[in-house]
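Worksheet for the structure shown next.
Chain letters run A, B, ... following the sequence lines, proteins first and then strands; every chain starts at 1. As the structure is a prediction and not an experimental result, all values here were calculated from the model. Reckoned from all heavy atoms, side chains included, excluding hydrogens, waters and symmetry mates.
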Amino acid sequence: MKAILRSRLTPLLALALVMALVPMIAPTSFHLRVAALVWIFSLAALGLTILMGYAGQVSLGHAGFLGIGAYAVAIGPARLGLDPLLCLLLGAVLSGLVAWLVGRPILRLKGYYLAIATLGFGVIVALILHSETELTGGPDGMSVARVTLFGWRVTGALNWYWVSAGALLVGALLALNIAASPTGRALRALHDSEVAATGAGIDVSAKKLAAFVLAAVYAAVAGGLLAAMNGLITPEAASFSHSVELVAMVIIGGLGSVFGTVLGAAFLVVLPQALTAFQEYEQAVLGLLIMVFMIFLPQGIVPSLRALIEERLP
Amino acid sequence: MDMPARLRPVLRAAAVMLATAVAGPALTGPAVAADPIKIGSVVSATGPAAFLGDPEAKTLKLYVDELNKKGGLLGRPVELVLYDDGGDANKARTFATRLVEDDKVVAMVGGTSTGATMAMIPVFEEAGIPVVSLAGGIEIIEPVRAFVFKTPHTDKTACQKIFEDMKARGITKTGMISGTDGFGKSMRNQCLKVIGQYGITVLADESYGATDSDMTPQLNKIKNTAGVEAVLNPGFGQGPAIVTRNYAQLGIKLPLYQSHGVASKSFIELAGPAAEGVRLPAPAILIDDKLADNDPQKPVVAEYKTSYEKASGQPVSTFGGYAYDGIQLVARAIESAKSADPKKIRDALEATKGYVGVTGIYTFTPTDHLGLGTDSFRMLVIRNGDWALEAPAR
C-alpha cells in the first residue's frame, strides 16, 4: 500500500482516470468547460509547483508569463498571420527567454525580496498589455483566431476538454520525471540549504534559473490554451490577483505535489461556481474555506492526507 | 512541504489576499414557483468596474421584483439569474455558458464592459439567445450581429451631437486635443470618421497622456493655429479638467467642447471657475430636474431616479439607467412576442419602436442594434458651477 502511495506513476494514473470519468458524468457542456479550465490552470500551477515546491523559490508574478503565452496566440495570427499552433510554441519559447533574462538578476534575491521582484515583473507585463492598445487591444482585450490542429478545427467544450486534458497529462508526466531526475534532486537540495547544495557541487544559480524558465514555459502554454479556448483574451489574465490565485492553487493542494496542484486548481476554479448560491457572502465563504484548509491541513490537501493515511497504515 | 520559514508568511498572506480578491459575490434571483421565465445577467458587481456593475445589478434586481409584483410576464413569474464576473472576461465567458447550458435563460441583459461582452457574444450567438449589452464599445453592434443589442450610447453619438451643435453655430474649423487613453483614442477615431458629414475640418490635432499634468504647449499650438473657431477635447478622468484650466489660463476665448466622459459633478469641482461656459453632451438623467415639462423622457427618468434611490439609498447613475433600459426592452419584447421563445424575443426586440427609456428613445432596425439618435444627448453648458440646458442655437 505504501509502495502504491509513493509510486511516481500513481498520481498520473489517478489523474488519467478522473479525466476519463468526468465527461461521462458531466450533465452539460458548461461543466465540461469548467473541467477544461481546471486542467488549464493546473498546467500553469504545475510550473509553479516545480519552482516553489521543488526549488523553494516564490513567484508572485507568474500570471505575467501566462499573459505572454496567451497574447502570443492572440497577436501572432491576428497581426502577423502566423499559424496559431506555431504561436503557442513561439509563446512558450518567448516566455522562457524572458524568464531567462529576468531570472538571471532577480533569482539572486531571496524570500520577500524575490517575491517583490517577481511581483514587479508581473505588474509590468500587465501594464504593457493594458497600454499597448495598437498591439493588444488594450483593457478590452482582443479576440483569438480559431485553432486548427492538423486540419481539425478545435471548437466546442468536449474537444477543448480533451486537448487541455492531454496537455496537462504531458505536463504532469514531465514534472514527475523532473522530480525523479538528478535535476529534481538538485532542486530539492538547494531548497533545503543553498550552502549545502553548493558544497555538494550543485550549480545553485543555474538550477534555480532552469526551474524558473521551466515554470514560465508551463504558464505560457497554459495561457496559450486559455486564449485559444476562450477565443478572447484580456489583460486580466496577467493581473496580480491572477498570480496570487496561481500561488494559492499550489499551496492549497500541497506544495511540491503534482496531484495536489491539480486538486488546488480544481478547488479554486470550481468553488466560485459552486458558491454563487451564497449570494453576497460568496467572498467571505471562500476566504473562510481557504483559511480552514491552511489551518487544519497546513501542508496542503494531498501531503497532509497522505501523511495521515501513512500514519494509520501498519 | 518543508519550505524556508521566511517564505511562509508571504505565501500565507498571498492566500488570504486571494480570499478577498479572487471572486466576487454572485447573486441568484429569488426562487419563484411555477415555471418562471428566466432572464440571465452577467455584470461586474465587484472588481475595478464595480462603479458600473453595482448600480446595474441593483437596478436589475429592483425591476425584476417590480415585474413580479405586477404579475410577471405572460402570466408567468420572472426569475433573474445574476452572476458577477468580477471584471474578468474569462469568468464572464464561463458564466455565459452556465446561463445557456445550465440555467437555460431565454434572454440575457449584461456584459458591463466591452471586453466581457465580446467574450460572451459567441456563446449566445451560437445558442440563439438575445443579448442586450450594457457596455459602451461600438464593436458590439458594428458589424450588426443577429442576437446582440446594446443600450448605452457610443462615442460616435456624442461626436455627432457635438458636431451638430458646432454646425448650428456656424463653426466649420475646429481644433482637437485628445487623451491617449482608451476612451480618448476611441472617441477621437469615431469623431474623425463622422466629422466630414458636418462640413467641419480639424485644423490642429493634438494629444496628451492620461497622467500629464500640463497641457499648455499643446493648447498654445492650437491657439496659434490661424482659423480655429472652437476646440474639442475627447477625454476621460482628470485630463479634461487640466485642459479646461490651462485653456482659461491661456485666455483662449473660443468655445470649448468637452465629451460625455466628463459628465459628472467632479469635473466641475476639478476644473473650478475655468469650467464656466464649457459645453458638453450629456444624458438626460444628469439633469433630470432641469428637463422641460414636455420632455418625453422626464417622467421615465424621474420614476427611475425615485425608485432607485429609495431602494438602494444611493444616488442614481447613468450606468444603472443602461440596465433599466436593458431589462425593460427585454420585458417589452417578451410581452409583444407573446412568447418566451428566444428567437421570437429577438425578433420582437429588433421590432422595438419608440421605446422611451432612461438613456434615450430607442428604435431598433435590422441594421441598427443601438437604436439611439443624437436626441439621447442633451447639449449642456456649465454656468455658475452647475449644468444648464443649452437652448439649441438655430
So, the part of His130(A) with a heavy atom under 4.5 Å from chain B: the answer is neither
Side chains of Asn233(B) and Arg188(B) only: does a donor on one sit below 3.5 Å from an acceptor on the other?
no
The interface call for Thr234(A) against chain B, heavy-atom contacts under 4.5 Å, is side chain
**Prompt:** Heavy-atom count around Tyr113(A) OH within 6.0 Å, excluding the residue itself: above 12?
**Reply:** no
**Report entry** Ser239(A) and His242(A): side chain donor to acceptor below 3.5 Å
**Finding:** no
From CA spacing to verdict: side-chain contact (heavy atoms from CB on, under 4.5 Å), Tyr71(A), Thr136(A) = CA-CA 7 Å; Tyr71(A) 273 89; Thr136(A) 66; 3.7 Å; yes
Under 4.5 Å to a heavy atom of chain B? For Leu37(A) that would be side chain
- Residues Ser304(A) and Gln299(A): side-chain donor-acceptor under 3.5 angstrom: no
Sequence neighbours excluded, the answer for side-chain hydrogen bond (donor to acceptor under 3.5 Å, both in side chains) partners of Thr49(A) is Thr261(A)
Bottom line for Leu114(A): the part with an atom under 4.5 Å from chain B's heavy atoms is neither
Heaviest contributor of heavy-atom pairs below 4.5 Å to chain A, chosen from Thr180(B), Leu99(B), Thr94(B), Asp88(B), is Thr94(B)
Please step through side-chain contact (heavy atoms from CB on, under 4.5 Å) for the pair Phe41(A) and Met249(A), ending with a clear verdict. CA-CA 9 Å; Phe41(A) 281 110; Met249(A) 286 172 185; 3.8 Å; yes
**Asked** Can Phe30(A) and Gln273(A) be said to form a side-chain contact (heavy atoms from CB on, under 4.5 Å), step by step?
**Response** CA-CA 11 Å; Phe30(A) 155 67; Gln273(A) 293 290 335; 3.4 Å; yes
Expected contact set for residues 109-119 of chain B against chain A at heavy-atom separation under 4.5 Å reads Thr114(B), Gly115(B), Met118(B), Ala119(B)
Residues passing the salt bridge (Lys or Arg N to Asp or Glu O under 4.0 Å) test with Lys38(B), sequence neighbours excluded, are none
Bottom line for Met142(A): the part with an atom under 4.5 Å from chain B's heavy atoms is neither
Distance only, no hydrogens: is a donor on one side chain within 3.5 Å (strictly under) of an acceptor on the other, for Gln57(A) and Lys110(A)? no
Take Arg33(A) and Glu101(B) through the test salt bridge (charged side-chain N to carboxylate O under 4.0 Å, His left out) and record every step on the way to the result. CA-CA 11 Å; Arg33(A) 180 187 150 77; Glu101(B) 300 279 343; over 6 Å; no
Under a 4.5 Å heavy-atom criterion, the part of residues 121-137 of chain B in contact with chain A comprises none
